[in-house]
Amino acid sequence: MKRTALTILSLIACSGLIPSSASAGVDGPGAAGAGYLILPVGPRAIAMGEARTAAIGDPFDWTVNPASLQTLGSNGVGAFHSEWIMQSRYDHVCGNWRANDWFSVGGGFTYQYDDEIQGYNAEGLETGMLENYSYQGMVGLGFTAAGSFSAGINLKFFRETLSEWSAGGLGVDIGARYEILPSRAAIGFAVQNIGPDVQFDDAKESLPMTVRGGAAWTFGLQPGD
């Protein structure tokens, strides 16, 4: 009989407590800017509703919870491409290096881009086409604090450009992960996009800070004949 591993992930719905992807594109009081900072990366995480704070061994999960760097047993690289509606696309590349049992480093870059949009002047007449793109670069540090407990931090630089206008800044993610049963059961927690407001032209908006929590349980299935 072939033994198959199955991982169940559950997401604790904490993100509704503070601005997240649902409010990233909303104007007015309480709106969050720089919505591209929470673009989901990785096919497994997207397929499972972005439940990824406690997952085991996924090369993209550390971009949400930097403590996940310690679940990667070896060095590696990953690449991801996504196409959304309205001709919106983004690409992501990342890599990780496991220095030893206590310390890991990761690096990643995400580039989001759309088709050029038509510009208009104050009289409503068409002008040239306008470029519209954004990107973020990220460096992650993960370490084993004690026994089955790991923690980490991501430092990120981001920028968004629309024609000759642009805005950018710095942000931080922090995360923790605890293995209840080694390689079988774990819980995780992360806070993303901690940082100062970002200003685009004369408009200032907060970053889309998001709180995530989750649990992962991996067990074996014995299929029938």
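Basis for what follows: all heavy atoms, side chains included, without hydrogens, waters or symmetry-related copies.
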Return all side-chain donor-acceptor pairs below 3.5 angstrom for residues 132-143, not counting sequence neighbours, or 'none' if the list is empty.
unit_1	atom_1	unit_2	atom_2	d
N132	ND2	D114	OD2	3.3
S134	OG	Q112	OE1	2.9

Q) Would you say the side chain of D91 lies within less than 4.5 Å of the side chain of Y113, judging by non-hydrogen atoms? A) yes
(Q) Within the structure provided, determine whether R212 and T210 are in side-chain contact (heavy-atom separation under 4.5 Å). (A) yes
Q: Determine, step by step, whether Y36 and E160 satisfy the side-chain contact (heavy atoms from CB on, under 4.5 Å) criterion, reporting the C-alpha distance in whole Å, the side-chain angles of both residues, the deciding distance to 0.1 Å, and the verdict.
A: CA-CA 9 Å; Y36 50 88; E160 179 178 11; 3.4 Å; yes
Q: Check whether any side-chain heavy atom of F80 lies under 4.5 Å from a side-chain heavy atom of F60, and answer yes or no.
A: yes
Q) Are side-chain heavy atoms of L207 and Q192 found at a separation under 4.5 Å? A) no
Q) Do you know the tightest heavy-atom contact between F158 and G171? A) CE2-N, 4.0 Å
Q. Is there a side-chain contact (heavy atoms from CB on, under 4.5 Å) between D115 and R89 once you walk through the steps?
A. CA-CA 9 Å; D115 287 351; R89 311 169 184 88; 3.2 Å; yes
(Q) Is there a path of hydrophobic side-chain contacts, each under 4.5 Å between heavy atoms of I/L/V/M/F/W/Y residues, joining W102 to Y178? (A) no
Q) How long is the span from the OG1 atom in T71 to the CG atom in D61, to the nearest 0.5 Å? A) 7.0 Å
Q.
Nearest 0.5 angstrom please: S88 OG to Y90 OH, how far?
A. 8.5 Å
Q) Between G188 and N65, what is the shortest heavy-atom contact and its length? A) CA-ND2, 4.2 Å
Q | CA sep, side-chain torsions, deciding dist, call: I174, F189, side-chain contact (heavy atoms from CB on, under 4.5 Å) | A | CA-CA 9 Å; I174 57 174; F189 179 81; over 6 Å; no
Q | R44/I46 under side-chain contact (heavy atoms from CB on, under 4.5 Å): CA gap, chis, key distance, verdict | A | CA-CA 6 Å; R44 186 173 76 167; I46 292 175; over 6 Å; no
**Q.** OG1 on T63 to NE2 on H92, rounded to 0.5 Å
**A.** 5.5 Å
Q: Would you name the heavy atoms of V198 and A167 that are closest together and state the gap between them?
A: CG2-CB, 4.0 Å
Q. For F149, what residues pass the ring-ring contact (aromatic ring centres under 6.0 Å, His included) criterion, not counting sequence neighbours?
A. none
(Q) Test side chain to side chain donor-acceptor pair (under 3.5 Å) on R177 and S150; report intermediate values, then the result. (A) CA-CA 5 Å; R177 187 176 180 278; S150 60; 5.1 Å; no
Q | For Y120 against E126, the heavy-atom pair lying closest together | A | CE2-CG, 3.4 Å
(Q) With rounding to the nearest 0.5 angstrom, report the OG1 to CG distance, T161 to L130. (A) 12.0 Å
Q. Should Y111 and L170 be regarded as members of a common hydrophobic cluster, given that ILVMFWY residues are connected when their side-chain heavy atoms come within less than 4.5 Å of each other, either directly or indirectly?
A. yes
Q.
My understanding is that only one of V191, I194, N193 makes a side-chain contact (heavy atoms from CB on, under 4.5 Å) with D173; could you say which?
A. N193
Q | Shortest non-hydrogen contact between R159 and S166, atoms and distance | A | NH1-OG, 3.2 Å
Q. So, the side chain of N96 versus the backbone of S74: is there a donor-acceptor pair under 3.5 Å, distance only?
A. yes
(Q) Quick check: closest heavy atoms across S82 and W84, and the distance to 0.1 Å? (A) OG-NE1, 3.1 Å
Q: Give a yes or no on whether a salt bridge exists between D197 and K204, defined as a side-chain N under 4.0 angstrom from a carboxylate O.
A: no
Q) Among all residues two or more places apart in sequence or in another chain, which pass the side chain to side chain contact (heavy atoms under 4.5 Å, CB included) test with A185? A) I180, L181, W217
Q. Atom OG in S68, atom CG in D58: separation rounded to 0.5 Å?
A. 8.5 Å
Q) Is there side-chain contact between S104 and W62, with heavy atoms separated by less than 4.5 Å? A) no
Q) Under 4.5 Å between any side-chain heavy atoms of I153 and V172, yes or no? A) yes
